[in-house]
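As a basis for the values below, the full set of heavy atoms in this structure was taken, side chains included, without hydrogen atoms, waters or symmetry mates. Please read these numbers as outputs of a predicted model, since none were measured by experiment.
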Amino acid sequence: MTRQSRTSPAASEQSLHQAYDTALLDLDGVVYAGGEAIAYAVESLAAARADGMHLAYVTNNALRTPDAVAEHLGELGIPTEAAEVITSAQAVARLIAEQVEPGSKVLVIGGEGLRVALRERGLVPVESAEEEGLAAVVQGYGGPDLPWGRFAEASYAINRGVPWFASNTDLTIPGARGIAPGNGAAVEVVRIATGAEPQVAGKPLPPMHRETVLRTGARRPLVVGDRLDTDIEGAFNGEVDSLLVLTGVTDAEQLLRAEPRHRPTYVDRDLRGLLAGQPEVEPCAEGFRCGGWTAVATNGGVLELREAGEGGEAGAAAEAGDPLDGLRALCAAAWTAAGDGVCTFDAAKALARLGL
């Protein structure tokens with residue numbers, strides 16, 4: 001993949017788990033939500049691994065340690081080694097270690113994942129802004145029970161000029177009951193109180209991609225995620241291919257409106273997409289065709305969707321088939337119309353027709 005603007009989802013004759021050597025999988029919204037496995041995740045990952053694909057779990061959630069994540073995945077039926085888990089806590093700890101002296105004290109605003117990652121880099125996690133010789137402040141997701149006073153502690157140190165680092169800036173995080181505030185929301189609180197800007201390590205920024213490559217050794221990776229602004233943009237920045245699954249925070253309408261850096265290489269419902277090839281989206285006289293669907297960007301600013309046979313297409317199949325093919329065709333129509341911008345065409349009726 002290159003940084004040129006993508007105007008259509010790509011095709012793959014091979015199943016994706018055979019076309020790529022390593023899947024770099026996001027966790028929240030892809031493998032599990034609210035601690036429970038997402039439908040088809042366990043069996044799909046088992047099949048991909050059995051056929052030789054290397055699996056690595058790459059998460060912006062800095063709360064838990066790799067050991068804890070691996071244990072949780074094992075409980076869900078996905079055998080995992082701690083070394084197969086890469087977190088934004090690890091990425092930000094490396095970033096800090098490159099800028100401070102070994103053994104430096106770092107104020108932690110977050111959970112155990114940050115503390116373990118800092119110790120791995122030879123740094124000393126502390127809890128108070130009053131620690132003598134404080135070298136940095138690091139902020140990561142601390143879970144819903146993180147006390148409000150921790151943001152004040154960070155602000156006291158940052159306002160005295162202590163460098164500020166953040167594991168990630170995801171504004172939201174998916175859970176069993178819905179979408180909740182993520183670390184990015186907490187970072188905004190501290191930003192308002194200090195007027196400062198943190199150095200950020202997590203997806204979609206280069207430090208996280210570097211951490212992932214260093215720890216996995218992947219040569220032909222496929223990023224698999226549910227977020228356009230972290231997973232997919234991270235793949236774009238790293239110039240690697242990506243698969244968006246519709247099991248997390250991104251819905252079909254957001255996908256159609258994606259700017260170039262947020263357009264995935266492939267799109268599928270869930271992790272079963274790893275085990276399949278991807279259909280071709282072809283330009284045709286009216287617009288773009290995928291499977292039994294044709295998508296058209298009209299002069300009236302509307303994205304229309306037509307089933308095979310509508311409008312008298314010669315040789316068209318009798319049935320439209322998979323709604324995901326309709327979405328792929330709509331992506332091509334929307335992204336082509338938008339070029340390097342964002343598509344503003346109305347797609348409500350077309351998406352309702354697909355049930356998306």
In chain order, what residues pass the side-chain hydrogen bond (donor to acceptor under 3.5 Å, both in side chains) check against [X], with sequence neighbours excluded?
X      : result
Tyr40  : none
Glu98  : Arg210
Arg269 : Asp322
Glu112 : none

ask   = Should Gln199 and Trp164 be marked as a side-chain hydrogen bond (donor to acceptor under 3.5 Å, both in side chains) after you check the CA-CA gap, both sets of side-chain angles, and the distance that decides it?
value = CA-CA 6 Å; Gln199 293 187 52; Trp164 179 26; over 6 Å; no

Heavy-atom closest pair, residues [X] and [Y]:
X      : Y      : answer
Asn60  : Met208 : OD1-CE, 4.2 Å
Leu256 : Ala334 : O-CB, 3.6 Å
Leu134 : Lys105 : CD1-O, 3.7 Å

message = Would Arg261 and Phe236 count as a cation-pi pair here, with the cationic atom under 6.0 angstrom from the ring centre and within 45° of the axis?
response = no

Please determine if [X] and [Y] form a salt bridge, counting it only when a charged side-chain N lies under 4.0 Å from a carboxylate O.
X      : Y      : answer
Glu120 : Arg215 : yes
Asp268 : Arg328 : yes
Arg353 : Glu304 : no

query = Among all residues two or more places apart in sequence or in another chain, which pass the salt bridge (charged side-chain N to carboxylate O under 4.0 Å, His left out) test with Glu153?
reply =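 Applying salt bridge (charged side-chain N to carboxylate O under 4.0 Å, His left out) to Glu153 gives none.
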
task = Go through the structure and list residues passing salt bridge (charged side-chain N to carboxylate O under 4.0 Å, His left out) with Asp28, not counting sequence neighbours.
result = none

key: Close side-chain approach of Ser167 and Asn183, heavy atoms under 4.5 Å   =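 A side-chain contact exists here, since the closest heavy-atom pair is under 4.5 Å.
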
